[in-house]
Number of protein chains: 2
Amino acid sequence: MAALEHDRSRLGRSSTAERVADILRERIIEGLFVPGERLSEEAIGSALGVSRNTLREAFRLLGHERLLDHKLNRGVFVRVLSAADVADLYRMRRVLEGAAVRRCAEASPEALRLIGETVEEAERSASDDRWQDVGTANSRFHQALVALNQSPRLDETMRQLLAELRLVFHAMRNPRSLHEPFVERNRLLLGLLEARRAEDAATYLEIYLDDAERLLLQAYEPAG
Amino acid sequence: MAALEHDRSRLGRSSTAERVADILRERIIEGLFVPGERLSEEAIGSALGVSRNTLREAFRLLGHERLLDHKLNRGVFVRVLSAADVADLYRMRRVLEGAAVRRCAEASPEALRLIGETVEEAERSASDDRWQDVGTANSRFHQALVALNQSPRLDETMRQLLAELRLVFHAMRNPRSLHEPFVERNRLLLGLLEARRAEDAATYLEIYLDDAERLLLQAYEPAG
DNA sequence: TCTTGTCGAATTGTTGAACGATCCTTAGAT
DNA sequence: ATCTAAGGATCGTTCAACAATTCGACAAGA
């Protein structure tokens, strides 16, 4: 009976606006809508069969998640991240993930197992040359890292952060060069966590993120 | 010409829905709407002279900021924080503020001066027995701390976090006992930052937040 | 040629009304 | 007292309409 308590959050979740937001979020994250593109109320509203008002509620939601850019009287656009935005996102990652790995001493075996799963998933995808999937597994890896903080709000914050980063990933032509170097590093970082070497993990993570940011910024130029 | 670029962000800012959200946010934060209270679309809409649709857009905004709780088919309520929520907020504070003070070595004199201002403001308010204002100054102190991270997104996250905490503060009868102990501690922490003693500051902050959380949770019981 | 003013089409911002769906209350039945 | 079945209030969503704003095109002037 107490187990049902956990599913309660999913119960209330269903208004048309929220479902529309879910759909659009998916489309944006998977890159179907490219950054800078304008999302017409008329076009999308009729395509999805919802009214303008409902659609606008969905737009607001995504705007607050920073996936859409709402410009007054001009409409909503898929967010275009500047280099400064990317740098900011990585500053944030250092804080959220850094704090997480520092707490690895208190990490539950369950939490570590979850991280391990994402590492394996990345390795499998890499050996199959599915670099898109490697990126997804990598995101889940870092999401699982942040979960070590045991804070639902930080989890949510990280979720949004990674969604934003997806906007950048999709703007790049070569996903392999972006994700490949980190498959092995994920495995290594996991090892440090399992050995409860918090400070080493934190140090390693710093370098990890520095490199990732550099790699990303090198290949990225805002599409305007 | 490049100077104007900076003001551009202020240009787009004004739709009725956003202004309505600003007003409601203020009223919630200052405790005029108490946690648990239901906000009627009809009543508030006509009181503010905006249509239901516009008002609902504002509600969505505040719901996403966790100040309002949107229950399907039942309306929006001012958020009631559980003890678990408070604990989560403090976990988050430890992460955001902890990372901030650890970077005090790189802090600009300007940033430290800003922190100092909030300390003095708290001291002034305290000596005048204006404990409400002490709370405000204290919030600004911690906001200024987080600013050491130099991340706009973390600043924004912290802003929301403190707004949520206000919901709890207002639910308490005795603001003095809640804020008084920390006026002096703020001054002390500032000293550590100015001396660039990052690790000491981090350690001190941990204790600071532990005490604050305990104090808050002791006196707080969700009003249902 | 380049700038500036003006017009019109297209789109968004906001409103008001309407109707079905859902929740809460209350009165009635068992 | 507990359960059940209206009834009313409120929300969810849609639709149509109009005002406000933007943008592009085109013409007038330097």
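A note on names: the letters A, B, ... follow the listed sequences, proteins ahead of strands, and every chain is numbered from 1. From a predicted model like this one, the values you see are computed outputs, not experimental measurements.
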message: Among C:dG13, C:dT15, D:dC11, which nucleotide has an atom closest to any side-chain atom of B:Arg38?
response: D:dC11

message: Rounded to whole Å, how long is the line connecting atom CZ of B:Phe59 with atom C1' of D:dG12?
response: 14 Å

- line: Here the distance between atom P of D:dG12 and atom CG of B:Leu55, to the nearest Å, is 11 Å

- prompt: Which of these nucleotides, C:dG13, D:dC15, C:dG16, is closest to any side-chain atom of A:Leu72?
  reply: C:dG13

query: Does C:dT15 have OP1 or OP2 sitting under 4.0 Å from an N or O in the side chain of B:Thr54?
result: yes

message: Which nucleotide wins on minimum distance to the side chain of B:Arg56, given the candidates C:dG13, C:dG16, D:dG12?
response: D:dG12

query: Between C:dG13, D:dA16, D:dT13, which nucleotide has the shortest distance from any of its atoms to the side chain of A:Asn73?
result: C:dG13

query: Can you tell me how far the CD atom of B:Glu121 sits from the CG atom of B:Asp133, to the nearest 0.5 Å?
result: 7.5 Å

- prompt: Counting only side-chain N and O atoms of A:His70, is one of them less than 4.0 Å from OP1 or OP2 of C:dG13?
  reply: yes

statement: Separation of C:dT15 atom P from A:Glu57 atom CD, nearest Å, is 14 Å

field: Rounded interatomic separation in angstrom, taking CG from A:Asn53 and C1' from C:dA18
entry: 13 Å

message: Return whichever of A:Arg52 or A:Arg74 has its heavy-atom-nearest nucleotide of DNA chain D closer to the 5' end.
response: A:Arg52

task: Let me know the distance between CZ of B:Phe77 and P of D:dT10, rounded to the nearest Å.
output: 12 Å

- request: Using a strict 4.0 Å threshold on nitrogen-to-oxygen distance, state whether A:Glu213 and A:Arg94 make a salt bridge.
  value: yes

Test: B:Arg79 and B:Asp85 ion pair at under 4.0 Å: yes

query: What closest approach, in Å, do B:Asn186 and B:His142 show between heavy atoms, and which atom pair accounts for it?
result: OD1-NE2, 4.4 Å

field: C:dT14 phosphate, OP1 or OP2, under 4.0 Å from B:Thr16 side-chain N/O
entry: yes

task: For the side chain of B:Ser51, starting at C-beta, report the closest nucleotide among D:dC11, D:dT13, C:dT14.
output: C:dT14

field: Between P of C:dG13 and CD of B:Glu18, the distance in whole Å
entry: 10 Å

field: B:Leu48 CG to C:dT14 C1', straight-line distance once rounded to whole Å
entry: 14 Å

statement: Heavy-atom nearest pair, B:Leu61 first then B:Ala21, reads CB-CB, 4.3 Å

message: Mind checking if B:Gly49 touches a base, just sugar-phosphate, or nothing, with heavy atoms under 4.0 Å?
response: sugar-phosphate

task: Quickly work out the B:Lys71 NZ to D:dC11 P distance and round it to whole Å.
output: 13 Å

